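Being a predicted model, the structure only gives us computed values, none of them experimental.
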Amino acid sequence: MTGTGGERFSAIDLFAGCGGLSLGLRAAGFDVVAAVEKECVAASTYAKNHPAARLIERDIQAVDPRALMHELAMSPGDLDLLAGCPPCQGFSTLRTYNGNKSIFDPQNDLIFQMLGFVRRFRPKALMIENVPSLLGDRRLVEFRSELEALGYGSRAKVFNARDFGVPQRRRRMVLLGWSGESIPFAGPCSWAPTVADALRGVSTAGQSGDPAHDYRVRRSNRIEALIRLVPKNGGSRCDLPDEYRLDCHRRTDGFRDVYGRMTWQDPAPTITSGCINPSRGRFLHPDEPRAITLREAALLQGFPRRYEFELSRGRYAVAHLIGNAFPPAFAERHARSIAKHLSLRRRTP
């Protein structure tokens, strides 16, 4: 699929993760010429699915933008789009809810590493995705001020991914930056896909031949019985008889979605790094007596059914990648808005 008028544009994906952003960029008409990702499982997954990109498997703080620009045979101003999803754990409200995760997490400052690439490459456009709480953080204010000093305008807003073709309720902040004329955000889709839309036709878990869908999970007899009793299609642990409630659930009503089922006719809840563990949220399959699988979680994020994941470090490492990904359809919608802007810019004398 190409951009406006069949044109192609160049992009670099920083903090690339397992490749959700790159998928969206490619679908919108961008050739991802390089990607930076330091985590080995993420990098291996990325390489399996994006072989055309120059993958730099290093900490971004050790990557020299000037050397990369030389490797890519680019000059300042040649790059169309610099995009990235800086680590968001330090900003996440889930990480700070009980005070165990400091808001001074050093990962919070990695967003500023993107400025070095902006200074060197002078891209025509910039796109960043992150958790909603970054929008009110002083770091984003400082980051945008630095962009302005470099001659870039920017806008940032929180969106729900369900409004952009993703079968999931997922609030995320998107920042668009530009040199020259401003770039508008994409408009919402006319329909919101559901869990049924995403999982329709998925083979039976354990019999599909897909390692991301067929792995075995062992749980205690008590937990297995609890899961079987949760009513289908949206049921909750709160629907269970008192004798089946876990001791930890008797002590608190917090996190009421744990051991809850998804609903076929609605979007899924936010897919997190705990998405295959029913004790971490509403992650039970709508009908079957189990949590959703890695493949189902990936489909609810919008990854293609044949997307390959590196499973050598176990399923929870992959769940972490899936839960942190930029949903491809969400990325594609905003990337198409950028591509339209770049196309018009090319046609303007």
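Between Glu296 and Arg290 a salt bridge is recorded (basic side-chain N to carboxylate O distance below 4.0 Å). A salt bridge is absent between Glu181 and Arg345; no separation between the charged side-chain nitrogens and carboxylate oxygens falls under 4.0 Å. At a threshold of 4.0 Å, the pair Glu146-Arg119 counts as salt-bridged, since one of the basic side-chain nitrogens sits closer than that to a carboxylate oxygen. At a threshold of 4.0 Å, the pair Asp78-Lys124 does not count as salt-bridged, since none of the basic side-chain nitrogens sits closer than that to a carboxylate oxygen. Salt bridge annotation for Glu7-Arg347: present, with a cationic side-chain nitrogen under 4.0 angstrom from a carboxylate oxygen. With respect to Lys232 and Asp287, no salt bridge is recorded, no charged nitrogen being found less than 4.0 Å from a carboxylate O. Ionic pairing of Lys38 and Glu57 is not present here: no N-O contact between side-chain nitrogen and carboxylate oxygen is shorter than 4.0 angstrom. Between Arg139 and Asp137 there is a salt bridge, with a side-chain nitrogen of the basic residue lying less than 4.0 Å from a carboxylate oxygen of the acidic one. Between Arg172 and Glu129 a salt bridge is recorded (basic side-chain N to carboxylate O distance below 4.0 Å).
Other residues, nucleotides and ligands contribute only 12 or fewer heavy atoms inside 6.0 Å of the CZ atom of Arg313. For Gln265, the CD atom sits in a packed shell: over 12 heavy atoms of surrounding residues, nucleotides or ligands are nearer than 6.0 Å.
Using modelled atom types, no side-chain atom of Arg333 and backbone atom of Gly165 make a donor-acceptor pair closer than 3.5 Å. Judged by distance alone, the side chain of Thr194 and the main-chain N or O of Asp197 form a donor-acceptor pair under 3.5 Å. Panel note: side chain Arg8, backbone Phe30; a donor-acceptor pair is recorded below 3.5 Å. Of the possible polar contacts, one joining the Arg282 side chain to the Arg261 backbone as a donor-acceptor pair under 3.5 Å is found. Between the side chain of Asn277 and the main chain of Ser279, a donor-acceptor pair closer than 3.5 Å is present. Side-chain N or O atoms of His213 include one that pairs as donor or acceptor with a backbone N or O of Ser203 at under 3.5 Å. Of the possible polar contacts, one joining the Thr272 side chain to the Gly274 backbone as a donor-acceptor pair under 3.5 Å is found. One N or O on the side chain of Thr45 and one on the backbone of Val41 form a donor-acceptor pair closer than 3.5 Å. With hydrogens and angles ignored, the 3.5 Å screen pairs no side-chain donor or acceptor of Glu332 with any backbone N or O of Ala28. Listed for the Arg295 side chain is no donor-acceptor partner under 3.5 Å among the backbone atoms of Asp210.
In plain terms, the two heavy atoms of Pro289 and Glu224 that are nearest each other are O-OE1, 4.4 Å. In this structure, Ser10 and Val33 approach most closely via the heavy-atom pair CB-CG1, 4.4 Å. Considering all non-hydrogen atoms of both residues, Arg58 and Ala62 come closest at NE-O, 3.8 Å. Across every non-hydrogen atom of Asn130 and Pro87, the tightest pair is ND2-O, 4.2 Å. Heavy-atom minimum distance, Ser182 versus Pro184: O-CD, 3.9 Å. Of all non-hydrogen atoms in His334 and Ala186, the two that sit nearest each other are ND1-N, 3.3 Å.
Between Phe159 and Phe185, the ring-plane angle classifies as perpendicular under the 30° and 60° cut-offs. By the 30° and 60° cut-offs, the orientation of the rings of Tyr307 relative to Phe303 is tilted.
The side-chain heavy atoms of Leu79 and Phe117, taken from C-beta on, include no pair separated by under 4.5 Å. Inter-residue side-chain proximity for Met69 and Phe121 is flagged as met; some heavy-atom pair is nearer than 4.5 Å.
To the nearest 0.5 Å, the span separating CZ on Arg66 from CZ on Arg120 amounts to 4.0 Å. Distance check, rounded to the nearest 0.5 Å: CG of Leu110 to CD1 of Ile60 gives 7.5 Å. Atom CD of residue Glu71 and atom CG of residue Asp64 lie 9.5 Å apart, to the nearest 0.5 angstrom. Residue Leu299 holds its CG atom at 12.0 Å from CD of Gln168, rounded to the nearest 0.5 Å. Rounded to the nearest 0.5 Å, atoms CZ (Arg54) and CG (Leu72) are 7.5 Å apart.
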Going through the checks in order, is the side chain to side chain donor-acceptor pair (under 3.5 Å) test met by Arg144 and Ser154?
-> CA-CA 7 Å; Arg144 295 180 69 183; Ser154 66; 2.8 Å; yes
Going through the checks in order, is the side chain to side chain donor-acceptor pair (under 3.5 Å) test met by Thr263 and Asn233?
-> CA-CA 5 Å; Thr263 305; Asn233 200 26; 4.6 Å; no
Determine, step by step, whether His50 and Ser22 satisfy the side chain to side chain donor-acceptor pair (under 3.5 Å) criterion, reporting the C-alpha distance in whole Å, the side-chain angles of both residues, the deciding distance to 0.1 Å, and the verdict.
-> CA-CA 8 Å; His50 303 275; Ser22 282; 4.8 Å; no
Test side chain to side chain donor-acceptor pair (under 3.5 Å) applied to Glu310 and Ser312, step by step = CA-CA 6 Å; Glu310 175 58 62; Ser312 62; 2.7 Å; yes
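In this structure, the ring of His320 has its center no less than 6.0 angstrom from the ring center of Tyr316.
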